[in-house]
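This structure is a prediction, so every number in the text was calculated from the model and none was measured. A note on names: the letters A, B, ... follow the listed sequences, proteins ahead of strands, and every chain is numbered from 1.
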Protein chains: 2
Amino acid sequence: MRQAAVANEITELVRTAGLRPTRQRLSLAGLLFSGGGRHITAEQLHAESLGEGFSVSLATVYNTLHQFTTAGLLRELVVDSGRSYFDTNVSRHHHLFFEDSGELRDVSDNSVVIGDLPALPEGASISRIDIIIRVKNGGSSG
Amino acid sequence: MRQAAVANEITELVRTAGLRPTRQRLSLAGLLFSGGGRHITAEQLHAESLGEGFSVSLATVYNTLHQFTTAGLLRELVVDSGRSYFDTNVSRHHHLFFEDSGELRDVSDNSVVIGDLPALPEGASISRIDIIIRVKNGGSSG
DNA sequence: GAATAAATTTAGAACGATTCTAATAAAACT
DNA sequence: AGTTTTATTAGAATCGTTCTAAATTTATTC
């Protein structure tokens, strides 16, 4: 009963995003949204999925991550040139980035106060503020 | 006399960075540091250099940008997955990023106050804080 | 100022992440 | 079930970037 309930929630999540609940999308959504917050790359998710016995192509992983992002289920993060991370936490927050390990950790939004910004050009508006605190030395000890 | 003075400054700059003042490095340094602050990609700088009649290979543009960055003459920015920008302003500041045009603009450091950060792991220290204010709609009008 | 040593540049190959393509398969609708 | 629509896939293609090994330039030594 427990698992079935979770499966239904995941199915609903995918449906609500306007996407057909295919085996691949459900597997990926399960991996992404069943635990706590995650910061994961396409390649990592692909490997994890195969590791769990859910076969998916890398192309589908990319498609799915983008569809989930467009639907507001994920947020895409650019920290490092050359690869994108996807964050399952889509609420307002920022990031600590451990340069050595590549690990990302959330930072509460209220640790940061943005003062007066420069005037934006006519018709422009802020779509998002990304704050990345880059940390050197020291991996996953805290 | 004017131009010669500028050329000497550029030569000194390159020397001070511990690099031999080759034709290529001087041309690129000239393009980078003779105007005001710039935010430029390797491909853009390569195109600009060729356009001015200074032939350089793309490999050399990359090498040079990295050497200048290591020497503290440039700062590398990651805004957009898949390409790096290099900023000639290496003082403490942040960025406005126009998503439509790809344009970057500096934001003074004192527009932003960082409150209490989460405790860092033993031995870790902050190497840099990057703040990117992403703006939609509206190009270079202000 | 030629000879030698050391650093630089280069074209093109190689690379890793991502996107595209066109064919096949699965899901939804009638 | 049959038809239409949407998804998945393997593999090719693309993009920005890095690597390689050879050719050139700059610095140093005599």
Side-chain angles (χ1 to χ4, degrees), chain A residues 7-8 10-31 39-50 53-71 73-74 76-86 102 104, chain B residues 7-8 10-31 39-50 53-71 73-74 76-86 102 104:
Chain A
N8 283 342
I10 297 283
T11 303
E12 263 327 289
L13 192 74
V14 171
R15 276 235 166 76
T16 304
L19 300 166
R20 291 183 177 177
T22 62
R23 175 179 65 73
Q24 290 82 342
R25 292 208 268 238
L26 294 176
S27 304
L28 295 174
L31 294 173
H39 302 98
I40 198 168
T41 67
E43 302 267 4
Q44 285 168 359
L45 182 59
H46 184 228
E48 186 171 320
S49 184
L50 298 187
F54 309 135
S55 93
V56 208
S57 71
L58 188 53
T60 296
V61 173
Y62 275 103
N63 288 341
T64 303
L65 286 171
H66 288 143
Q67 289 153 357
F68 286 0
T69 300
T70 300
L73 263 38
L74 291 174
E76 187 172 357
L77 289 177
V78 183
V79 201
D80 217 357
S81 165
R83 81 160 126 282
S84 279
Y85 285 81
F86 291 85
L104 277 166
Chain B
N8 283 340
I10 296 282
T11 303
E12 264 326 288
L13 193 74
V14 172
R15 277 233 165 78
T16 304
L19 300 166
R20 289 182 179 180
T22 62
R23 175 181 63 74
Q24 290 84 340
R25 293 209 267 239
L26 294 176
S27 303
L28 295 174
L31 293 174
H39 301 98
I40 198 168
T41 68
E43 302 267 5
Q44 285 168 358
L45 181 59
H46 184 228
E48 186 171 321
S49 184
L50 298 187
F54 309 134
S55 91
V56 208
S57 71
L58 187 54
T60 296
V61 173
Y62 276 103
N63 289 340
T64 303
L65 287 172
H66 288 143
Q67 289 153 355
F68 286 180
T69 300
T70 300
L73 262 39
L74 291 175
E76 188 172 356
L77 289 178
V78 183
V79 201
D80 216 357
S81 166
R83 81 161 127 281
S84 279
Y85 285 80
F86 292 85
L104 278 164

If I take atom [atom1] in residue [X] and atom [atom2] in nucleotide [N], what distance separates them, rounded to the nearest angstrom?
X      : N       : atom1 : atom2 : answer
L45(A) : dA17(C) : CG    : P     : 15 Å
L65(A) : dT8(D)  : CG    : C1'   : 15 Å
L50(B) : dT10(C) : CG    : P     : 10 Å
D80(A) : dA17(C) : CG    : P     : 10 Å
R23(A) : dT6(D)  : CZ    : P     : 21 Å
Q44(A) : dG16(C) : CD    : P     : 16 Å
N63(B) : dG16(D) : CG    : P     : 18 Å

Non-hydrogen side-chain atoms of F86(A) and L77(A) separated by less than 4.5 Å: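 Counting from C-beta outward, F86(A) and L77(A) never come under 4.5 Å.
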
Contact check, side chains of L13(A) and L73(A), non-hydrogen atoms, under 4.5 Å: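 L13(A) reaches L73(A) side chain to side chain.
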
With nearest nucleotide decided by heavy atoms, which residue, P21(B) or S55(A), maps closer to the 5′ end of DNA chain D?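 By nearest-heavy-atom nucleotide position, the 5'-most residue is S55(A).
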
Listing, residues 53-68 of chain B side-chain donor-acceptor contacts under 3.5 Å, not counting sequence neighbours, or none:
| unit_1 | atom_1 | unit_2 | atom_2 | d |
| --- | --- | --- | --- | --- |
| S57(B) | OG | T60(B) | N | 3.2 |
| S57(B) | OG | T60(B) | OG1 | 3.1 |
| N63(B) | ND2 | A59(B) | O | 3.4 |
| T64(B) | OG1 | T60(B) | O | 2.7 |
| H66(B) | ND1 | Y62(B) | O | 3.3 |
| Q67(B) | OE1 | R25(B) | NH1 | 3.0 |

Please assess L45(A) against L31(A) for the test side chain to side chain contact (heavy atoms under 4.5 Å, CB included), listing each intermediate value before the final yes or no. CA-CA 8 Å; L45(A) 182 59; L31(A) 294 173; 4.0 Å; yes

Please produce a list of atom pairs where a protein N or O lies less than 3.5 Å from an N or O of nucleotides 18-22 of chain C.
| unit_1 | atom_1 | unit_2 | atom_2 | d |
| --- | --- | --- | --- | --- |
| dT18(C) | OP1 | S84(A) | N | 2.8 |
| dT18(C) | OP2 | Y62(A) | OH | 2.3 |
| dT18(C) | O5' | Y62(A) | OH | 3.0 |

I'd like a list of close polar pairs between nucleotides 4-8 of chain C and the protein, N/O only, cut-off under 3.5 Å.
| unit_1 | atom_1 | unit_2 | atom_2 | d |
| --- | --- | --- | --- | --- |
| dA7(C) | O4' | R20(B) | NH1 | 3.3 |
| dA7(C) | O4' | R20(B) | NH2 | 3.3 |
| dT8(C) | OP1 | R25(B) | NH2 | 2.4 |
| dT8(C) | O5' | R25(B) | NH2 | 3.4 |

Shortest non-hydrogen contact from P21(A) toward L26(A):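 Closest approach of P21(A) to L26(A), heavy atoms only: O-CD1, 3.7 Å.
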
Residues passing the side chain to side chain donor-acceptor pair (under 3.5 Å) test with Q24(A), sequence neighbours excluded, are none

Run the side chain to side chain donor-acceptor pair (under 3.5 Å) test against Q44(A) and tell me which residues pass, sequence neighbours left out. none

Sequence-distant partners of H39(A), ring-ring contact (aromatic ring centres under 6.0 Å, His included), two or more places apart: H95(A)

Testing the 3.5 Å rule here: is there a donor-acceptor pair between the side chains of E76(A) and T69(A)? no

